[in-house]
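A quick write-up on the structure given underneath.
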Amino acid sequence: MILAGCQSRQSKLQVPQCPLAPGMTTEQLASCGCFSISNPGNYSNSLTQGDSRPQGQSVIIQNYLCPRGSAGLAKVVVVNGIANDVFE
């Protein structure tokens, strides 16, 4: 017995070939087809240890995936809205 399967025609996705680099904003990453894959990790650190009213600095870290055509995906680590590291 021969069973017919469902076939879909694979079309090539038009993926923008953006040069990914540290310093890109999340808006620039999104225009390259990148998307966030994690909930942001929020961290804060006191800038001065001896102060009775320490000022804190908030740090938000997110991971983005970016399409790279036949090469697959690139991972971009974003810190406070700016690309910090690119792994292709």
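Scope of the values below: all heavy atoms of this structure, side chains included, with no hydrogens, waters or symmetry mates.
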Donor-acceptor list for residues 80-88 side chains, cut-off 3.5 Å, not counting sequence neighbours:
residue	atom	partner	partner atom	Å
Asn80	OD1	Ile60	N	2.8
Glu88	OE1	Arg68	NE	3.3

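- Val59 is connected to Val77 through a chain of hydrophobic side-chain contacts under 4.5 Å among Ile, Leu, Val, Met, Phe, Trp and Tyr, so both are in one cluster.
- Between Tyr64 and Val78, the shortest heavy-atom distance links the atoms CD1-CG2, 3.5 Å.
- Of all heavy-atom pairs between Gly33 and Pro67, the closest is O-CD, 3.3 Å.
- Cysteines Cys34 and Cys66 have SG atoms closer than 2.5 angstrom.
- In plain terms, the two heavy atoms of Gln62 and Ser36 that are nearest each other are NE2-OG, 3.5 Å.
- Here the CG-CD1 distance, from Leu65 to Ile37, works out to 4.0 Å after rounding to the nearest 0.5 Å.
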